[in-house]
Amino acid sequence: MSSHYEAPIREPLVIGEKSYHDISVDVGAPVLGKANRSWWIVFSIALVAFLWGLGCIVYTVSTGIGVWGLNKTIGWAWDITNFVWWVGIGHAGTLISAVLLLFRQKWRMAVNRSAEAMTIFAVVQAGLFPIIHMGRPWLAYWVLPIPNQFGSLWVNFNSPLLWDVFAISTYLSVSLVFWWTGLLPDFAMLRDRTKSPFQQKIYGILSFGWSGRVKDWQRFEEVSLVLAGLATPLVLSVHTIVSFDFATSVVPGWHSTIFPPYFVAGAIFSGFAMVQTLLIVMRKVSNLENYITILHIEYMNKVILLTGGIVTVAYGTEYFIGWYSGVPYENYTYLSFGAATGPYWWAFWALIICNLIVPLTLWVKSLRRNIMWTFIVALIINIGMWFERFDIIVIDLSKDRLTSSWTMFSPTFVDIGTFVGTIGFFFVLFLLYARNFPVIAQAEVKTILKSSGEMYKKLRAEHGDDHHITHVDLDPTAEEPSANMRGTYFTSDKEEDVDNDGHEDTVNADALVDTEAKRDQIDGMLHAIGVYDPATQKADNLKKISGVGPVMEQKLHQLGIYTFDQVSRMTKKEYDLLDEIIDTFPGRAEREDWAGQAQKLKQ
C-alpha cells in the first residue's frame, strides 16, 4: 500500500539490485552450500575451548567446588559473575524480536533471527553455572516444588534464587517458541530449494507442513503478536529478578532499589553489543552485507548509546548515594573511592573505561557508522559488562563488616577454564546454527523489499511521485486483469506516462522482473500458453487450483495468466520460468500438477 512506502530521503534497508529470488538465493547459500575454510577454523577453535571447559566441569563435579577460588568470605565469584553476564547477553534477542515487532520497526527484520538464536544459546550457558554451583547437580531437581521423599522439605518461595529458576526457564521457553515460529517459512524455503532428499525430509519436518497459504500467514502473524505480547514483560522481568538476588540482601553495595532498572538497562546494553559482535563477523563471512547494512549497525549503536546513558546515570547515582549516606561501609563498595584506589582498582577502572568512556565515541556519526570501530567498541563493552558483574559481586563481598573477614579472590585454572568453555560452547552452537538454519528471516525481509529496497526506491524515484505518478491501492487479487494493468494501477497527469513498452498489454511484471530478457521470456511463455484478451475472455478464479492463494494469483495476473486454459497448457519449461521469477516455493506448480488441475477445472 502507498502508506507503506518510505520517503526517498530514508536510506534503504536492503541495498543492491535485489529481487525476491535473490533474497532466497543469498539467505539459502550458507545453508545449502558447503562450509568455507573460515567457518571450519573458527568452529575448531570453539570446539577446543568447549572441550576444555567440559573437562573443567567434569573435574569440578567429581572433585568438589573447592577447586574454585571461593573462600569463606567470597562464596560467589566467577560462577555467578558469568551467570549474570550470560543472562544479560541473552536480553537483546527478546527486545529485537518482541518489542521492536510491536513497534513495527522494519530494521529488526534482518537481525532478529540471529539475535533470537543468540538469546537461546546465551541462556543455555547461564543455566549451567547455578547447576554446577550446587556441587551435586544430580540433585538439581530439589529446586522444583514437587513432592519428595523428605516429606515437609520444600523450596523457599521467598528466595529470589528460586524466582530465578522460574523466570529464566519461562524466558527460555518463550524465546524458543518465538524463534521457532519465525523460522517456519524459512525452513519451508530451504525445503523447496534443496536438492538433497534427506534435507528435504528434515526441513519438511521442521517447517511443520508450511505451504504458504493465506491461512498459514494469518496464523503466523497472530501467533507472532501473541508471543511478542508475552515476551515483552520478560524483557523487564528476567533481569529484574536476577537483580533481586543482590538487592534483597543486606550486603553493602547490594541493598539498593536502583538495581532492577539498572540491571535491565545493562542487560540490553551488553546484549546489543554481543549482537553487533556476531553480526559484523557473520555479514562478512556469509556475504550478507546487502541485508545487514551500515544503517542496521547505526540503529543498534543508537540503542547502545541510549542504554549506555542509563547505565552511566545509574553508576553516578550509586556513587553519589554511597558517598552522601556517610556510612563507612559504603566506601568499600564496587562504585566508591575505596574501590577506585583499593586492591581491585584495576577492575574498577576497567568498568569505567569500557562502559562509560569508550561508548561515548558512538556520538560521532562517522564512528557510529564505521564497521571496524563498532566491532572494537562492542568487544570492549562485552568486556566492561563482565567487569561490572565481577565488581558488584567480588568487591562488595571482599570487605565485610568485620575487618578480620576481609580477603581477596583469585580464580583458579578451573574457574577460567569453565568460563572459556561456555564461550566455546556458545560459539559451537551459533556456528552450527549458521550452517543449518537461515541466519536472516528471508520471509520478513521480503515484506519490506518494495518499501525499503534500494532498487524499488530508485524505480519510484524515476517513475513514481517525482513524475507525478500516484500509486492507487486497488485490490491486488481482483478477478479482472484491469486491476493489474499499468493504466489502472498508476494514474498520471500526463497521458504519455502510460505507454506501450513493446510487451504484452496484459503483463505488468515490473515488481517481479527487472530486465528486458526476462520480459521477453514472459512474452515467449504467453505465446506458448496463450495470450489473454480481456475484450473477449473472462478471467477464471485461479484460487481454485490447489497451491494458488490470493498472493500467488496476483503474481500470475502480473505475468498475464488469468485463465484455466492458459495454466492447463503449461509444461516443465513454463514451470521452471515461474520458479525463477516468482520463487516463493520452487517446484510447487510441477509438484501439485497445476496444468492437470486446470484441465479438469476448465471443463
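Between I258 and A314 the shortest heavy-atom distance is CD1-CA, 4.0 Å. For V42 against L431, the heavy-atom pair with the smallest separation is CG1-CD1, 3.6 Å. Counting all heavy atoms, side chain and backbone alike, C56 lies closest to V414 at O-CG1, 3.8 Å. In plain terms, the two heavy atoms of E444 and M109 that are nearest each other are O-SD, 3.2 Å. The heavy-atom pair separating D79 from L70 by the smallest distance is OD1-CD2, 4.4 Å. The shortest heavy-atom contact between A98 and A228 is CB-O, 3.7 Å.
Ring geometry for F430 versus F426: interplanar angle under 30°, hence parallel rather than tilted (30 to 60°). Using the six-membered ring where Trp is involved, W179 and F437 have ring planes that are tilted, between 30° and 60° apart. Aromatic ring orientation, Y324 versus F320: parallel (interplanar angle below 30°, classes split at 30° and 60°). Ring-plane geometry between H91 and Y171 is classed as tilted, the angle between the planes lying from 30 to 60 degrees on a 0 to 90 degree scale.
For W406, the CH2 atom sits in a packed shell: over 12 heavy atoms of surrounding residues, nucleotides or ligands are nearer than 6.0 Å. In the displayed structure, F43 atom CZ is contacted under 6.0 Å by more than 12 heavy atoms of other residues, nucleotides or ligands. Within a 6.0 Å radius of CH2 in W138, more than 12 heavy atoms belonging to other residues, nucleotides or ligands are found. In this structure, W345 places its CH2 atom where only 12 or fewer heavy-atom neighbours from other residues, nucleotides or ligands lie under 6.0 Å away.
Applying the ring-ring contact (aromatic ring centres under 6.0 Å, His included) test to every pair with at least one member in residues 282-311, sequence neighbours left out, gives these pairs: W107-Y299.
In terms of modelled atom types and a separation under 3.5 Å, the side chain of S62 and the main chain of Y59 share a donor-acceptor contact. S169 contributes a side-chain N or O that, together with a main-chain N or O of F166, makes up a donor-acceptor pair within less than 3.5 Å. Side chain of S405 to main chain of T73: no donor-acceptor pair is present (N/O by atom type, distance under 3.5 Å, no hydrogens or angles). In this structure, the side chain of N355 engages the main chain of G384 through a donor-acceptor pair within 3.5 Å. W254 contributes a side-chain N or O that, together with a main-chain N or O of I392, makes up a donor-acceptor pair within less than 3.5 Å.
Side-chain N/O atoms of Y433 and S114 include a donor and acceptor closer than 3.5 Å. With hydrogens and angles left out, the side-chain atoms of W85 and N382 include no donor and acceptor closer than 3.5 Å. For the residue pair W373 and T361, a side-chain donor N or O sits within less than 3.5 Å of a side-chain acceptor on the partner. Judged purely by distance below 3.5 Å, without hydrogens or angles, the side chains of D396 and Y332 never pair a donor atom with an acceptor atom. E318 and Y262 are not linked by any side-chain donor-acceptor pair at a separation below 3.5 angstrom, with hydrogens and angles left out of the test.
Between F427 and F50, every side-chain heavy-atom pair lies at or beyond the 4.5 Å cut-off. With a 4.5 Å cut-off on side-chain heavy atoms, P252 and V327 do not count as touching. Proximity of Q125 to L429: side-chain heavy atoms (C-beta onward) are separated by under 4.5 Å at one or more points. Residues R435 and V31 form no side-chain contact, since every pair of their non-hydrogen atoms from C-beta on lies 4.5 Å or further apart. Using a 4.5 Å heavy-atom cutoff, the side chains of T277 and L379 are in contact. No side-chain heavy atom of I395 sits under 4.5 Å from any side-chain heavy atom of T333. For the pair F83/L128, no side-chain contact is recorded, criterion being any heavy-atom separation below 4.5 Å from C-beta on. The closest side-chain heavy-atom distance from V358 to I381 is not below 4.5 Å.
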Evaluate side-chain contact (heavy atoms from CB on, under 4.5 Å) for D186 paired with R113, printing each intermediate quantity in order. CA-CA 10 Å; D186 299 338; R113 190 69 69 247; 3.6 Å; yes
Determine, stepwise, if the pair W76 / F246 fulfils side-chain contact (heavy atoms from CB on, under 4.5 Å). CA-CA 11 Å; W76 285 358; F246 310 99; 3.8 Å; yes
Test ring pair (Phe, Tyr, Trp, His ring centres under 6.0 Å) applied to Y344 and Y334, step by step: CA-CA 9 Å; Y344 286 107; Y334 75 104; over 10 Å; no
Walk me through whether V177 and L227 qualify under side-chain contact (heavy atoms from CB on, under 4.5 Å). CA-CA 8 Å; V177 174; L227 290 174; 3.8 Å; yes
Show the numbers, then the answer: is there a side-chain contact (heavy atoms from CB on, under 4.5 Å) between F187 and W180? CA-CA 10 Å; F187 283 144; W180 202 272; 4.0 Å; yes
Any chance you could lay out the ring pair (Phe, Tyr, Trp, His ring centres under 6.0 Å) test for F129 and W86, step after step, and finish with the verdict? CA-CA 10 Å; F129 286 99; W86 278 118; 8.0 Å; no
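Partner of P260 under the side chain to side chain contact (heavy atoms under 4.5 Å, CB included) criterion, chosen from I241, T240, V242, L236: T240. Of the options W386, F413, W68, a ring-ring contact (aromatic ring centres under 6.0 Å, His included) to W78 is made by W386 and by none of the others.
The pair R369-E11 meets the salt-bridge criterion, with a side-chain N (NZ, NE, NH1 or NH2) lying under 4.0 Å from an Asp/Glu carboxylate O.
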Side chains of residues 264-276: which donor-acceptor partners sit under 3.5 Å, not counting sequence neighbours?
residue	atom	partner	partner atom	Å
S270	OG	G266	O	3.2
S270	OG	A267	O	3.1
Q276	NE2	I297	O	3.2
Q276	NE2	N301	OD1	2.9

